[in-house]
Amino acid sequence: MPAVTLWLGVGGLVPFVVLAVALLAGASLPLVGGEAAIRAALMAYAVAILSFLGGVRWGIAMGYGDARLATRDYVIAVVPAIIGWGATLLPATPGLWAMALAFVLLGLMDYGLACRTVAPEWYGRLRLALSAAVSLALGTAALA
């Protein structure tokens, strides 16, 4: 695994963890505000990351030689953004749970890319670990 992917992946966890801990502690954050603003910031960041992960799948699909498989993964690639957007329309707690579930499912699906050898093996492991951490943070925020 390239070191930069690990560092950027772990760095991407920071907003999830900071915002979830702030909710759990009942704290407000400079530049963000109180509980409602923190939940909104967490959801916005989660949607951005979920959409980015869909884009990764789109990029991988562009390399397929099989048009049927590429079409399938192009369709799958847009689903995370739609689910993330839909989750923002829900009340805060169900929206956070929906996002946590979306990260678990996408992490498992991305692990499948590595199992099918269309993505590097390290990518599958990284996605499982990061998805577990993100889902834990989102679940914690939903319980706060």
Side-chain angles (χ1 to χ4, degrees), residues 1-2 4-64 67-116 118-144:
M1 174 186 320
V4 68
T5 62
L6 178 60
W7 287 110
L8 290 171
V10 170
L13 293 175
V14 171
F16 286 109
V17 173
V18 168
L19 294 169
V21 168
L23 283 171
L24 198 60
S28 63
L29 293 174
L31 303 176
V32 178
E35 181 180 332
I38 292 171
R39 286 183 191 278
L42 182 56
M43 285 296 287
Y45 185 66
V47 170
I49 298 302
L50 201 62
S51 298
F52 167 79
L53 293 171
V56 170
R57 182 172 285 270
W58 183 286
I60 290 170
M62 288 190 298
Y64 290 168
R68 183 184 58 79
L69 289 176
T71 299
R72 181 201 65 199
D73 274 8
Y74 289 140
V75 170
I76 291 171
V78 300
V79 171
I82 293 167
I83 289 172
W85 172 76
T88 66
L89 301 176
L90 297 172
T93 299
L96 289 166
W97 283 120
M99 290 301 285
L101 178 61
F103 273 95
V104 167
L105 294 175
L106 190 57
L108 291 171
M109 291 177 72
D110 285 352
Y111 181 74
L113 291 173
C115 291
R116 292 192 342 250
V118 295
E121 184 270 334
W122 61 261
Y123 180 71
R125 287 185 290 116
L126 180 66
R127 286 289 296 114
L128 284 179
L130 294 175
S131 290
V134 167
S135 297
L136 180 63
L138 291 167
T140 299
L143 293 171

So how far is it from [X] [atom1] to [Y] [atom2], rounded to the nearest 0.5 Å?
X: Met109; Y: Leu53; atom1: CE; atom2: CG; value: 12.0 Å
X: Leu138; Y: Met43; atom1: CG; atom2: CE; value: 8.0 Å
X: Arg39; Y: Leu96; atom1: CZ; atom2: CG; value: 6.0 Å
X: Leu8; Y: Leu126; atom1: CG; atom2: CG; value: 10.0 Å
X: Leu42; Y: Ile38; atom1: CG; atom2: CD1; value: 9.5 Å
X: Leu143; Y: Leu24; atom1: CG; atom2: CG; value: 8.5 Å

Practice task
Determine whether Met99 and Val134 make a side-chain contact, defined as any pair of heavy atoms from C-beta on separated by less than 4.5 Å.
Solution key: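 No, side chains not in contact.
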Problem - Student check: side-chain heavy atoms of Asp110 and Val56 closer than 4.5 Å - result: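 Counting from C-beta outward, Asp110 and Val56 never come under 4.5 Å.
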Exercise for the section: Just grab all the side-chain hydrogen bond (donor to acceptor under 3.5 Å, both in side chains) pairs involving residues 129-144, residues at least two apart or on different chains. Expected result: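 For residues 129-144, and leaving out neighbouring residues, the side-chain hydrogen bond (donor to acceptor under 3.5 Å, both in side chains) pairs sorted by first residue read Arg127-Ser131.
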Nearest non-hydrogen partners of [X] and [Y], listed with the distance:
X: Pro120; Y: Ala114; result: O-CB, 3.5 Å
X: Ile83; Y: Ala102; result: CG2-CB, 3.9 Å
X: Pro80; Y: Gly54; result: CG-CA, 4.1 Å
X: Ala137; Y: Ala20; result: O-CB, 3.3 Å
X: Pro91; Y: Pro94; result: O-CD, 3.2 Å
X: Thr93; Y: Ala142; result: CG2-O, 3.6 Å

Exercise for the section: Go through the steps to decide whether Leu19 and Leu29 satisfy the test side-chain contact (heavy atoms from CB on, under 4.5 Å), and finish with yes or no. Expected result: CA-CA 9 Å; Leu19 294 169; Leu29 293 174; 3.6 Å; yes
Handout entry: side-chain contact (heavy atoms from CB on, under 4.5 Å) against Leu101, all qualifying residues, sequence neighbours excluded
Key =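 Residues passing side-chain contact (heavy atoms from CB on, under 4.5 Å) with Leu101: Leu105.
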Problem - Results of salt bridge (charged side-chain N to carboxylate O under 4.0 Å, His left out) for Arg116 - residues two or more places apart only - result: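 Partners of Arg116 under the salt bridge (charged side-chain N to carboxylate O under 4.0 Å, His left out) test: Asp73.
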Problem - Heavy-atom neighbours of Trp122 CH2 exceed 12 at 6.0 Å - result: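 Count over threshold, so yes.
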Handout entry: ring pair (Phe, Tyr, Trp, His ring centres under 6.0 Å) partners of residues 4-62, not counting sequence neighbours, each pair once
Key =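 Matches after skipping sequence neighbours: Phe16-Tyr45, Phe16-Phe103, Trp58-Tyr74.
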Problem - side chain to side chain donor-acceptor pair (under 3.5 Å) against Ser51, all qualifying residues, sequence neighbours excluded - result: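 Result, side chain to side chain donor-acceptor pair (under 3.5 Å) vs Ser51: none returned.
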Problem - Any residue meeting side chain to side chain donor-acceptor pair (under 3.5 Å) with Arg125, in chain and number order, not counting sequence neighbours - result: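 Arg125: side chain to side chain donor-acceptor pair (under 3.5 Å) contacts with Glu121.
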